[in-house]
There are 2 protein chains.
Amino acid sequence: MITLTEENYIKAIYHLSKHGKEMVSTNALAEAMSTKASSATDMVKKLAEKNYVDYKKYQGAILTESGSTIAINVIRKHRLWEVFLVDKLHFSWDEVHELAEQLEHIKSQKLIDKLDAFLGHPTHDPHGDPIPDKHGDFTFIDKITLAQAQINATYKCVGVNDSSSEFLQYLNNNKIELGTKIEVLHKEAFDSSIKIKVNELEMVVSNSVAQNLYIQKT
Amino acid sequence: MITLTEENYIKAIYHLSKHGKEMVSTNALAEAMSTKASSATDMVKKLAEKNYVDYKKYQGAILTESGSTIAINVIRKHRLWEVFLVDKLHFSWDEVHELAEQLEHIKSQKLIDKLDAFLGHPTHDPHGDPIPDKHGDFTFIDKITLAQAQINATYKCVGVNDSSSEFLQYLNNNKIELGTKIEVLHKEAFDSSIKIKVNELEMVVSNSVAQNLYIQKT
DNA sequence: ATAAATTTTTAGATTAGTCTAAAAATTTAT
DNA sequence: ATAAATTTTTAGACTAATCTAAAAATTTAT
């Protein structure tokens with residue numbers, strides 16, 4: 001039986017390894033888990049023993065097939081619960097992450113299947129992140145960051161890179177949500193800030209905002 | 001911060017003390033928690049230290065006001081989740097207990113408030129047990145067991161005492177659910193079995209079934 | 001009312017996950 | 001290429017929750 005802590009480490013390794021297939025260092029893992037390197041080492045050894053990761057001393061860890069399956073399943077649960085919280089319980093998209101962190105550990109395949117059906121088999125969560133299907137397959141969409149947009153083109157918002165509540169609340173304040181139409185008017189050479197038109201209103205966003213907003217040509 | 005284990009012990013103490021106000025012995029608690037008496041002693045000491053119970057050596061434990069509040073809140077969450085699982089996800093009433101045991105530990109007052117509203121502020125769970133409101137108040141309904149029924153009277157099913165999946169499946173097999181009309185035809189003096197008419201069909205139920213089925217005069 | 005049976009507590013050990021501090025290996029810089 | 005800096009691991013200790021075995025208290029039975 002896998003423990004809650006093991007599951008969280010596996011999820012962190014998955015995210016740090018960029019969808020599963022590069023080595024993750026002990027320090028990076030410790031940082032992500034808000035713990036000390038020594039704890040990460042211990043855990044990685046345990047995960048290796050259980051065959052969830054391959055681990056080489058001083059080199060880092062990488063998920064095995066079985067570890068990857070676990071990670072993807074946790075991510076699936078996390079994102080389905082987020083959809084539930086936003087679509088059914090009317091939470092705002094900036095409130096759901098912590099709750100989904102708890103709900104993702106509920107163990108029941110049947111529950112997830114039924115929740116998935118109840119929600120209409122959504123392919124993306126409230127932040128635009130893809131929800132793996134029950135076979136673990138993701139639907140990737142073609143997206144770029146606002147920072148990469150062409151001038152005078154029109155896009156729609158399809159996701160965020162940073163889904164911290166601070167960033168999401170910034171977007172809320174500016175009435176930007178998934179699907180919002182964005183016209184790119186001008187890019188300032190000096191600081192890479194971008195002038196856009198959203199909801200009939202012109203505004204300027206910093207480069208750091210632009211880097212974290214995913215858009216798609218309409 | 002209260003741990004998951006502490007919360008489960010508090011819930012067990014609540015149930016064993018019959019709605020909160022009689023002493024619970026260490027042995028009874030250990031039995032309910034499927035653990036050893038020594039573990040129950042240790043935990044009860046810890047709960048006493050945190051002021052969730054009053055504990056006297058060799059005499060047992062009883063919930064304090066704050067312990068009782070915690071217990072009732074966990075029960076509220078458990079029963080609301082059961083309603084969600086049955087009403088929204090279409091689980092059968094015999095499948096939801098274990099899942100609710102997991103879901104009841106999700107920590108978020110806002111989630112519970114929103115779930116409660118989403119479900120239409122239900123007063124009873126799928127087994128007929130009352131759901132405490134957000135102030136911790138229960139709506140008790142006037143009910144008796146089928147074993148206490150009068151001959152030739154008509155009742156409806158309003159709950160179960162034993163909500164094990166075995167018993168619930170027995171009821172499923174006989175098309176008895178909450179609200180089902182039950183006519184009491186005859187009581188056998190020898191073994192206290194009862195002949196009833198349900199869904200136009202006559203059947204005999206054992207005393208042990210009758211003791212576990214709650215009914216109300218129609 | 002005293003012995004026997006039962007219940008409860010204590011003592012000491014174990015496991016999971018964490019920590020600090022120190023040692024070892026690796027990487028970076030001169 | 002060797003020293004300095006950094007990263008990683010090891011060693012030993014701590015807490016929460018559990019266990020077994022033994023001691024202590026209480027209850028039951030004669």
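Each chain gets a letter, A, B and so on, in the order the sequences are listed, and its residues count up from 1.
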>> Using only atom types and a distance under 3.5 Å, with no angle test, would you say the side chain of N174(A) pairs donor to acceptor with the backbone of I176(A)?
In response: no
> For residues H78(A) and D125(A), is any side-chain donor paired with an opposing acceptor at under 3.5 Å?
Replying inline: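 D125(A) and H78(A) do not have a side-chain donor-acceptor pair below 3.5 Å.
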>> Could you report the tightest heavy-atom contact between C157(A) and E177(A), atom names first, then the distance?
In response: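 Minimum heavy-atom separation between C157(A) and E177(A): CB-O, 3.4 Å.
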> Dot-bracket for DNA chain C, 5' to 3', counting Watson-Crick or G-U wobble pairs under 3.5 Å, with [ ] for crossing pairs and | for inter-strand pairs?
Replying inline: ||||||||||||||||||||||||||||||
>> Just to verify, which of Q148(B), K143(B), H127(B) counts as forming a side chain to side chain contact (heavy atoms under 4.5 Å, CB included) with Y214(B)?
In response: K143(B)
>> Is it the case that atom CG in N173(A) sees more than 12 heavy atoms from other parts of the structure closer than 6.0 Å?
In response: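 Above 12, so yes.
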> Do other residues, nucleotides or ligands put more than 12 heavy atoms under 6.0 Å from K107(B) NZ?
Replying inline: yes
For residues 57-77 of chain A, which side-chain N or O atoms pair as donor and acceptor with protein atoms under 3.5 Å away, sequence neighbours left out?
from: T64(A); atom 1: OG1; to: N51(A); atom 2: O; distance (Å): 2.8
from: T64(A); atom 1: OG1; to: Y52(A); atom 2: O; distance (Å): 3.1
from: T64(A); atom 1: OG1; to: S66(A); atom 2: N; distance (Å): 3.4
from: T64(A); atom 1: OG1; to: G67(A); atom 2: N; distance (Å): 3.1
from: T69(A); atom 1: OG1; to: E65(A); atom 2: O; distance (Å): 3.0
from: R76(A); atom 1: NH1; to: P132(A); atom 2: O; distance (Å): 2.9
from: R76(A); atom 1: NH2; to: D116(A); atom 2: OD2; distance (Å): 3.2
from: K77(A); atom 1: NZ; to: E104(A); atom 2: O; distance (Å): 3.2
from: K77(A); atom 1: NZ; to: I106(A); atom 2: O; distance (Å): 3.1

> Contacts to DNA chain D from residues 1-11 of chain A, heavy-atom cutoff under 4.0 Å, which residues?
Replying inline: none
Might you list the N or O atoms of the protein lying below 3.5 Å from N or O atoms in nucleotides 4-11 of chain C, with each pair's distance?
from: dT8(C); atom 1: OP2; to: N27(B); atom 2: N; distance (Å): 3.0
from: dT8(C); atom 1: O3'; to: Y58(B); atom 2: N; distance (Å): 3.4
from: dT9(C); atom 1: OP1; to: Y55(B); atom 2: OH; distance (Å): 2.2
from: dT9(C); atom 1: OP1; to: Y58(B); atom 2: N; distance (Å): 2.8
from: dT9(C); atom 1: OP2; to: T26(B); atom 2: OG1; distance (Å): 2.7
from: dT9(C); atom 1: OP2; to: T41(B); atom 2: OG1; distance (Å): 2.9
from: dT9(C); atom 1: OP2; to: Y55(B); atom 2: OH; distance (Å): 3.4
from: dT9(C); atom 1: O5'; to: Y55(B); atom 2: OH; distance (Å): 3.4
from: dT10(C); atom 1: OP1; to: K57(B); atom 2: NZ; distance (Å): 2.4
from: dT10(C); atom 1: OP2; to: K45(B); atom 2: NZ; distance (Å): 2.4

> Going by the salt bridge (charged side-chain N to carboxylate O under 4.0 Å, His left out) test, which pairs reach into residues 84-100 of chain A, not counting sequence neighbours?
Replying inline: E95(A)-K110(B)
Mind listing the side-chain donor-acceptor pairs of residues 22-34 of chain A below 3.5 Å, one per line with the distance, residues two or more places apart or on another chain?
from: S25(A); atom 1: OG; to: A28(A); atom 2: N; distance (Å): 3.1

>> Taking only side-chain N and O atoms of K36(B), does any of them lie within less than 4.0 angstrom of OP1 or OP2 on dT18(D)?
In response: no
> When rounded to the nearest 0.5 angstrom, what distance separates OH in Y14(B) from CD1 in I10(B)?
Replying inline: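 Rounded to the nearest 0.5 Å, the OH-CD1 separation comes out at 13.0 Å.
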